[in-house]
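Below is one structure, written out as structure tokens, with a few remarks after it.
Here is how names work: the chains are called A, B, and so on, in the same order as the sequence lines, proteins then strands, and each is numbered from 1. The structure presented is a predicted model; accordingly, all values stated were derived computationally and were not measured.
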Amino acid sequence: MAALRELISYTKLEDGKSQSFRTRAYEKAVDAIASNASRVCDMTLAELTEIDGIGDSTARKILEFSSTGEIAKVERLKDRFPPSMIELMRIPGLGPKRVLLLQDSLQVVDVEGLTRAIEKQQLRTLPGLGEKSEEKIAQAISLLGLHSDDSRMEIADAMETAHRVISELESVDGVLTIEYAGSLRRLSETIGDIDILVTADSGSLVVEAFVNLPGVTAILGSGTTKASIVMGDRVQVDLRVVPTESLGAALMYFTGSKAHNIALRTRAIERGMTLNEYSLSDVNSGDVVAAKTEADIYAKLDLPWIAPELREDTGEISAAENGTLPAPIAQEELRGDLHVHTSWSGDGRSSLHDMLDAAVELGMEFIAITDHAEDLVMNGLSEERMLGQRREIESLRPSYPTLTILHGAELNIGRDGSIDYSPTFLDGFDFGVASIHSYFELSVAEQTERLLAAIENPAVNVIGHPSGRMLGKRGGIEFDADAVFAAASSSGTALEINSHLKRLDLSAPMLRRAVETTDVLFAISTDAHHVSAYNHQRWGVAQARRGWVPSHRVVNCLQLDDFLAWVGERRN
DNA sequence: GCCGTTTTCGGCCCGACTGTTTTCAGTCG
């Protein structure tokens, strides 16, 4: 992956442009790999070229990298262009053309040389550059420290910032609607910058309020309809104000992904139309065909509305066309939550009573209380305390006639795949979630064995956050996904879709692979430790959509009787 | 470099902004 990204950067220099067809093809290949759950390093030439966006040439480069650890073409280009020139291209305002120009005319190939050239005022002598460009580049270099390396943020942090900005702008006079777009709306795991889309009577009033938000450390630009700011030390937030009649087109444009947009525009051209951020219009007359809602525009392109979480150009458009796209699962379809903690656990913050009250208020029909089991020493419950909790649940049941309460536990999958408590004690539970909380570094074979053992255990109904990843912190365990999906499919054990924005576990490519290759079932769970965390369910639902999971594969969408039958079948 | 119910060759998304220019190149999203 990293090697292919290098190939992209060097090819931009070789071609002297950032959008050559070759670099675009490479970029598409990288996207295709990222959204594929299989390990490309283990694949054959034929398997690789099967993947949409990867042809013979790229496939051979991947094979070459798998066997030799490098790509000859990249090594050749490194001789022509020092790696420091790639660094230069990261400076805002410097693209491949100007970086090549620097090398040719000033023999500048790195940041140090560039700084010296700026001091000597040499940049302004170059064709197409002047005094102002020189100043801008100088400024960009001084900011490079802040924006260097990986400036993408975790989705949890981005979401928080977006909501803060939105709540601040809501009170601005004349604001009609505010939505976040971009990768945040698509629920990407990491977010580059936050895109906020506003419809309002007056753009300038909104921009004015936006650039004066608390926490703004830099204003990168501002006009009457758009502005960019930096919040804190590195979060870029872009604002666009559009007329109400363009809301649908603008939302589509700013939601992306870029690849999805390009595919739609190509589709528009095939139909004698052109699509931009203002409208879908007839290419000859210029008449607007659709603009106000996303659904209108998709409809005029002969497509059903495609959920933002699916807009990655990984086959969603042809699936939509053929009617094979799963109906996007809706939060309203969920009838219960199957991974819930209470203050009985060391880390639960709301009482059992409060968690049940909130569940009823949200209209849940069933719930599994799953506090930590005893092997999680810090927070787990001893057998005695588990029995105490069971008695409390029994005493509370009459007060919740509309809610079926299952007494469960979040069991720990040990190093060897065993779980807490004795088999007889486990029999006493109504429900079991088993999760990995330790030994993240074992081999693929060992991790797979652990998961398979837990899947086969009759006390286990759901495997909680199966990879154990924490976004931005740890990658999660590596395991043989196909073996795990197959085992869970035949045993009837569901795989969790954990709703927490720091987990979103399983990942979307894994989910999609599981859906497409097996009949495995899923459970969308909040893993709530507080009543407020029930609303994380929306992220779990969005993650399911990202993984193309249809609602009939989700156990908490089942009718109560069917759900209880599934639980019982597993435990007998 | 990729891809194909218009094509195995000849196409490949669209616009804003900026700074540099007298009509446009480069960069960005």
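When the P atom is compared between dT5(B) and dG1(B), the two are found 23 Å apart, to the nearest whole Å. The separation of dT6(B) from dG11(B), taken at their C1' atoms, amounts to 12 Å, rounded to a whole angstrom. Taking atom C1' in both dG10(B) and dA16(B), one finds a spacing of 30 Å when rounded to whole Å. With P as the reference atom, dC12(B) and dT20(B) are 32 Å apart, rounded to whole Å. A distance of about 12 Å separates the C1' atoms of dT8(B) and dC2(B), rounded to the whole Å. Comparing the P positions of dT22(B) and dC17(B) gives an interatomic distance of 23 Å, to the nearest angstrom.
The backbone N or O of Leu251(A) sits less than 3.5 Å from a side-chain atom of Thr255(A), completing a donor-acceptor pair.
Contact annotation for Leu264(A): no contact, since no heavy-atom pair falls under 4.0 Å across all strands. Residue-level contact check: Gly53(A) touches the backbone only, with heavy atoms under 4.0 Å from sugar-phosphate atoms and none from bases. Contact annotation for Asp52(A): backbone-only contact, meaning every heavy-atom pair under 4.0 Å involves sugar-phosphate atoms and none involves a base.
Test Leu63(A), Ile51(A), Ile62(A) against Met43(A) for side-chain contact (heavy atoms from CB on, under 4.5 Å) and you get one pass: Ile51(A).
Which of dC12(B), dG19(B), dA16(B) sits closest to the side chain of Phe21(A) comes down to dC12(B). Nearest to the side chain of Arg24(A), among dG1(B), dC12(B), dA16(B), sits dC12(B). Residue Lys132(A) has its side chain nearest to dT20(B) when only dC2(B), dG15(B), dT20(B) are considered.
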At under 4.0 Å between heavy atoms, how does the protein contact nucleotides 23-29 of chain B? Give one character per nucleotide, 5' to 3', with B, S or -.
---SSSB
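For dG1(B), the OP1/OP2 oxygens have no side-chain nitrogen or oxygen of Thr11(A) closer than 4.0 Å.
For Gln103(A), there are no side-chain hydrogen bond (donor to acceptor under 3.5 Å, both in side chains) partners at least two apart in sequence or on another chain.
Relative ring orientation between Tyr180(A) and His163(A) is described as perpendicular, the plane-to-plane angle rising above 60° on a 0-90° scale split at 30° and 60°.
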